[in-house]
Student: 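Submitted below is the structure of interest, expressed as structure tokens.
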Amino acid sequence: MTEVADIAQRLAVLLAAGVSPPSAWGYLLPERATSDPGTPDPAADVDTEADAGADTEPMLRAAATAGARGESVADALGTAARARGGQVGDAWLGLAAAWQVATDSGAPLAGCLRQLAHSFRDLAQLHRDFSVALAGPVATTRLVMVLPLVGILLAASMGFNALQTLLFTVPGLVCLALGSGLLLVAARWNRRLLARAQRARSAPGLRLDLMAIALAGGGSIDRARALVDAAVQNHAPPDSAGPGDTREAAAAEDAAAVERVLALAVRAGVPAAELLRSEAEQCRQAARTDGQRRSAALGVTLMLPLGVCVLPAFMLVGVVPLLVSVLSSTLGPA
């Protein structure tokens, strides 16, 4: 997501320097890509996009080609972003939505892109914080899943052939079947808990940012609403709903937040754009706090499959064959 913020920042610099919006995308293409048909030639004194990474080239190429042909840059960028997928693809979709709103409303693109780059960096930090918070619970999950194997190795180190007992005796096969079933249940349970904890809104506050951009064009609030609705309909990230929410519920919540800010701006008699940006930042901060809370809760809920499934599987696969081996070696000579 940081790479999308860097692209937005570079576009803002180029536009502020007087480069036309359709041509600006072409200047960001790597030199080896600018000789392809349909893409504009970059100026020789503009730094190439070697540091942006190969993943950005399809999006840059699509936008540059659309701009050179007089087609919709936002639509081309949105199509390429959906093919990219993931959090980075969602960020490109947000950039496509902002580009559409800014161009349709007549807002100054350079300033809007600078603000959008700041928002993307906030989102990137949000996702990094969440990944760090989840690292501990994820590592714990992987570790406890190998406990049954540890039990078998422990028995072998003590001189007992628990593996033979497990694989070639009726009690051992029963323990192996039950333990394997419990481990399978634990693995699926853990995946569901992790997926639920990791599910978060990819672009919190996006509609608020888009509304601020639309109002920067100087149009009426009703026209700004219409432009934002169209952009969200065309380019909203597909996983924009949070945990337990539908996309429609998330869209309604975002729209309600926009209306609250607009009503406050009217009552206070102040411009709404700054209030909208401030509210967007608060949404991202709330998302960061929620992610930290869910990651902390995950560390506790992961104890459930550990106690219910993994530890019994450890007993069945690692301890019971060891006891059988001990008893057979002890009673055998008698």
Side-chain angles (χ1 to χ4, degrees), residues 1-16 21 24-25 28 49 51-60 62-63 73-74 76-103 107-132 198 200-214 216 228 231-232 234-242 250 254 257-258 273-274 276-291:
M1 191 169 290
T2 303
E3 65 190 28
V4 186
D6 293 340
I7 294 296
Q9 185 68 36
R10 293 186 181 107
L11 284 170
V13 172
L14 289 173
L15 294 174
W25 292 95
L28 299 180
E49 194 58 21
D51 58 337
D55 288 343
T56 65
E57 186 174 328
M59 269 63 72
L60 294 174
V73 171
L77 195 60
T79 300
R82 290 185 185 90
R84 173 65 172 81
Q87 292 179 353
V88 176
D90 291 345
W92 282 107
L93 283 172
L95 179 55
W99 189 274
Q100 177 178 325
V101 170
T103 53
L109 273 171
C112 294
L113 289 173
R114 283 196 181 93
Q115 294 157 5
L116 193 67
H118 177 71
S119 299
F120 284 154
R121 289 192 176 96
D122 284 346
L123 288 173
Q125 185 62 46
L126 187 158
H127 291 301
R128 282 194 296 268
D129 291 346
F130 189 52
S131 298
V132 170
Q198 290 172 335
R201 302 193 61 180
S202 58
L206 177 61
R207 182 182 282 266
L208 292 156
D209 284 325
L210 294 179
M211 192 68 181
I213 292 173
V228 170
V232 170
N234 293 334
H235 305 300
D239 59 342
S240 57
D254 288 346
V258 170
E274 283 302 320
L276 289 164
R277 296 189 191 99
S278 175
E279 186 71 17
E281 291 179 2
Q282 291 183 29
C283 286
R284 288 186 283 273
Q285 181 60 43
R288 182 179 291 110
T289 302
D290 181 66

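Quick caveat: nothing in here was measured; it's all calculated off a predicted structure.
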Student: Considering all heavy atoms of both residues, which atom of His235 and which atom of Arg82 are nearest to each other, and what is their separation?
Tutor: CA-NH2, 3.8 Å
Student: Test side-chain contact (heavy atoms from CB on, under 4.5 Å) on Glu3 and Val88; report intermediate values, then the result.
Tutor: CA-CA 8 Å; Glu3 65 190 28; Val88 176; 3.3 Å; yes
Student: If we check side-chain contact (heavy atoms from CB on, under 4.5 Å) with Val228, which of these qualifies: Ile213, Asp209, Leu210, Val258?
Tutor: Leu210
Student: Identify the two heavy atoms, one from Leu116 and one from Gly94, that lie closest to each other, and give their separation to 0.1 Å.
Tutor: CD2-O, 4.4 Å
Student: Roughly how far apart are Arg84 CZ and Leu93 CG, rounded to 0.5 Å?
Tutor: 11.5 Å
Student: Can you find a heavy atom in the side chain of Val73 that is under 4.5 Å from one in the side chain of Pro21?
Tutor: no
Student: Glu274: which residues meet the side-chain hydrogen bond (donor to acceptor under 3.5 Å, both in side chains) condition with it, sequence neighbours left out?
Tutor: Arg277
Student: On a heavy-atom basis, which atom in Ala117 and which in Gln9 lie closest, and how many Å separate them?
Tutor: CB-OE1, 3.8 Å
Student: Among residues at least two apart in sequence or on other chains, which ones pass side chain to side chain contact (heavy atoms under 4.5 Å, CB included) with Ala16?
Tutor: Ala110, Arg114
Student: List in chain and number order the residues that pass side chain to side chain contact (heavy atoms under 4.5 Å, CB included) with Ala24, two or more places apart in sequence or in another chain; answer none if no residue qualifies.
Tutor: Leu11, Leu14, Leu15, Val19
Student: Under the side-chain hydrogen bond (donor to acceptor under 3.5 Å, both in side chains) test, which residues partner Thr289, sequence neighbours left out?
Tutor: none
Student: Which pair of heavy atoms, one from Phe120 and one from Ala91, lies closest together, and at what distance?
Tutor: CZ-O, 3.4 Å
Student: So which atom in Ala97 and which in Ala231 form the shortest heavy-atom distance, rounded to 0.1 Å?
Tutor: O-CB, 3.8 Å
Student: Is the shortest side-chain heavy-atom distance between Glu279 and Leu276 below 4.5 Å?
Tutor: no
Student: To the nearest 0.5 Å, what is the distance between CG (Leu77) and CD (Gln100)?
Tutor: 11.0 Å
Student: Would Asp6 and Arg121 pass as an ion pair if we require N to O under 4.0 Å?
Tutor: yes
Student: Partners of Thr103 by side chain to side chain contact (heavy atoms under 4.5 Å, CB included), sequence neighbours excluded?
Tutor: Trp99, Leu109
Student: Testing the basics here: between Ala216 and Pro108, what is the closest heavy-atom pair and its distance to 0.1 Å?
Tutor: O-CD, 3.9 Å
